[in-house]
Amino acid sequence: MRHSILNATMLCLCLLFGTPARADHYQVVTEEWAPYNYVENNQLTGMTTEIVRAIMALTGDNFDFVLLPSMRASYALNSRPKTIMYSMFRTAEREPLYKWVGPIVEESIHPYQMADAPPLNTLEQLRQAPMVTTRHAGLVPDTLQSLNFTNLDKTATQSPQLYRMLLAGRTDIIVGDTDAGVAYYTRQLKIPPGTLRQIPVEVYRSSLYIAFSLDCDDDLVARWRRALEQLRKSGELGRIQERYEGLGGGET
């Protein structure tokens, strides 16, 4: 029975996201990270998902998409041949590891607290807070640790957990999503406007890119760069971004 359930689950995943590509074929991987890449109504969607699909419409590529947990998506990019991953911040440490297409959009990450809590406004106040909750792994917790945070709670595995923990009083501060992501999740979780307060400390700011494993063909990467620039010049890139920037439904 357990094997039957597992096989049925794998079949559903294959039908939803495409069958796993052979090692000699290109594959596009991503993670659940709204509003850039996420599942809604059983469909992989999001700002960057639409942009990647628009790029492939111009280049004529038809690669499989696979949605994976965050660490598994990174592992696939680092270990599987001919792998493409989005959306990724382009950091100095990551720079030599991949070939890059972008930028797609520049984003900031701020901490958030309950609006009725005593306001925090500085990095030092954040370091002294009883608890700062973030996801269990990734760029954000790594950045906070590099800033000498010793009060990190890394128990959350998905973004919605952060907001539920904050609303339930199980943490004082959350940090993990871009400002656009916070707007998306407050709408999805039906958090009333004015419930959360953005702490005016920019933990991270960078642009999102599409990353290619180093064995990807240079001609392919160049074609994707030209296609992205074509989307930018035509205004389609901006139109896609505007649709998702409007998902927040107002101030948080």
Side-chain angles (χ1 to χ4, degrees), residues 16-18 27-59 61-70 73-74 77 83-91 94 98 100-110 112 135 138-140 158-160 162-163 175-189 191 198 202-212 221 223-252:
L16 183 57
F17 301 117
Q27 185 178 77
V28 181
V29 300
T30 191
E31 61 181 308
E32 181 88 12
W33 192 42
Y36 312 102
N37 11 277
Y38 62 97
V39 174
E40 189 170 75
N41 299 323
N42 293 329
Q43 295 292 326
L44 181 59
T45 187
M47 180 194 298
T48 317
T49 300
E50 285 201 29
I51 291 169
V52 170
R53 285 180 172 144
I55 288 172
M56 291 202 297
L58 292 174
T59 61
D61 296 314
N62 186 27
F63 303 147
D64 289 325
F65 284 74
V66 179
L67 182 74
L68 297 170
S70 177
S74 298
L77 179 63
T83 299
I84 303 165
M85 181 176 173
Y86 71 94
S87 311
M88 286 192 72
F89 283 119
R90 185 174 181 174
T91 67
R94 292 172 174 172
Y98 314 112
W100 300 91
V101 169
I104 297 171
V105 62
E106 187 176 50
E107 294 288 11
S108 295
I109 294 176
H110 291 85
Y112 282 77
R135 286 190 294 271
L139 179 64
V140 172
Q158 296 180 330
S159 286
L162 297 174
Y163 303 90
V175 54
D177 293 307
T178 64
D179 298 335
V182 174
Y184 171 83
Y185 283 112
T186 53
R187 182 183 73 93
Q188 288 296 104
L189 298 172
I191 300 174
Q198 182 193 90
E202 194 173 69
V203 172
Y204 193 80
R205 183 179 186 85
S206 186
S207 295
L208 294 176
Y209 281 74
I210 304 165
F212 293 68
V221 178
R223 284 192 285 111
W224 279 49
R225 286 175 180 153
R226 290 194 296 268
L228 178 61
E229 188 58 28
Q230 184 176 337
L231 292 173
R232 198 185 313 277
K233 289 181 177 178
S234 70
E236 181 61 18
L237 185 67
R239 286 189 286 272
I240 294 172
Q241 292 171 353
E242 287 171 6
R243 284 203 298 274
Y244 286 91
E245 288 168 356
L247 289 179
E251 293 294 320
T252 58

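Glu32 and Tyr38 form no side-chain donor-acceptor contact under 3.5 Å, judged by distance and modelled atom types alone. Using a 3.5 Å distance cut-off with no hydrogens or angles, the side chains of Arg135 and Ser159 do pair a donor with an acceptor.
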Decide yes or no on side chain to side chain contact (heavy atoms under 4.5 Å, CB included) for Val140 and Tyr204, but give the supporting numbers first.
-> CA-CA 8 Å; Val140 172; Tyr204 193 80; over 6 Å; no

Carefully, step by step, assess Tyr163 and Val182 under the rule side chain to side chain contact (heavy atoms under 4.5 Å, CB included).
-> CA-CA 9 Å; Tyr163 303 90; Val182 174; 3.5 Å; yes

Take Arg90 and Ser207, measure what side chain to side chain contact (heavy atoms under 4.5 Å, CB included) needs, and give me the verdict at the end.
-> CA-CA 7 Å; Arg90 185 174 181 174; Ser207 295; over 6 Å; no

Could you walk me through whether Leu67 and Phe65 pass the side chain to side chain contact (heavy atoms under 4.5 Å, CB included) check?
-> CA-CA 7 Å; Leu67 182 74; Phe65 284 74; over 6 Å; no

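For the pair Ala54 and Leu231, the tightest heavy-atom approach, listed with the atom from each and the gap, is CB-CD1, 3.8 Å. Of all the heavy atoms in Tyr209 and Ile104, the pair that sits closest is C-CD1, 4.1 Å. The two residues Thr30 and Tyr86 make their nearest non-hydrogen contact at OG1-O, 2.5 Å. In terms of heavy atoms, Thr83 sits closest to Leu77 at O-CD1, 3.5 Å.
At least one side-chain heavy atom of Thr45 sits less than 4.5 Å from a side-chain heavy atom of Tyr244.
For residues 35-47, the set of pairs meeting the salt bridge (charged side-chain N to carboxylate O under 4.0 Å, His left out) definition, not counting sequence neighbours, is empty. Contacts classified as salt bridge (charged side-chain N to carboxylate O under 4.0 Å, His left out) and involving residues 225-234 (residues at least two apart or in different chains) are given here: Glu229-Arg232.
Not one N or O on the side chain of Thr48 forms a donor-acceptor pair closer than 3.5 Å with the backbone of Asn37.
We find the CD1-CD distance between Ile84 and Gln27 to be 9.5 Å, quoted to the nearest 0.5 Å. One distance of note links CG of Leu237 with CD of Gln230; it measures 12.0 Å at 0.5 Å rounding. Summarising the geometry, atom CG belonging to Asn62 is positioned 10.5 Å from atom CZ belonging to Arg53; distances are rounded to the nearest 0.5 Å. To the nearest 0.5 Å, atom CG of residue Leu44 and atom OG1 of residue Thr49 are 4.0 Å apart. Atom CD in Glu106 sits 7.5 Å away from atom OG in Ser206 (nearest 0.5 Å).
Qualifying side chain to side chain contact (heavy atoms under 4.5 Å, CB included) partners for Glu202, counting only residues two or more places apart in sequence or in other chains: Ser108, His110, Arg205. By the side chain to side chain contact (heavy atoms under 4.5 Å, CB included) test, Thr59 is found to be paired with Ile55, Met56, Asp61, Arg223, Trp224, Ala227, residues two or more places apart in sequence or in another chain being considered. Residues satisfying the side chain to side chain contact (heavy atoms under 4.5 Å, CB included) criterion with Arg94, sequence neighbours excluded, are Met88, Phe89, Thr91, Tyr98, Trp100, Leu139. For Tyr36, the ring-ring contact (aromatic ring centres under 6.0 Å, His included) partners are Trp33, not counting sequence neighbours.
Salt bridge Arg239/Glu236: present, at least one basic N to carboxylate O contact under 4.0 Å.
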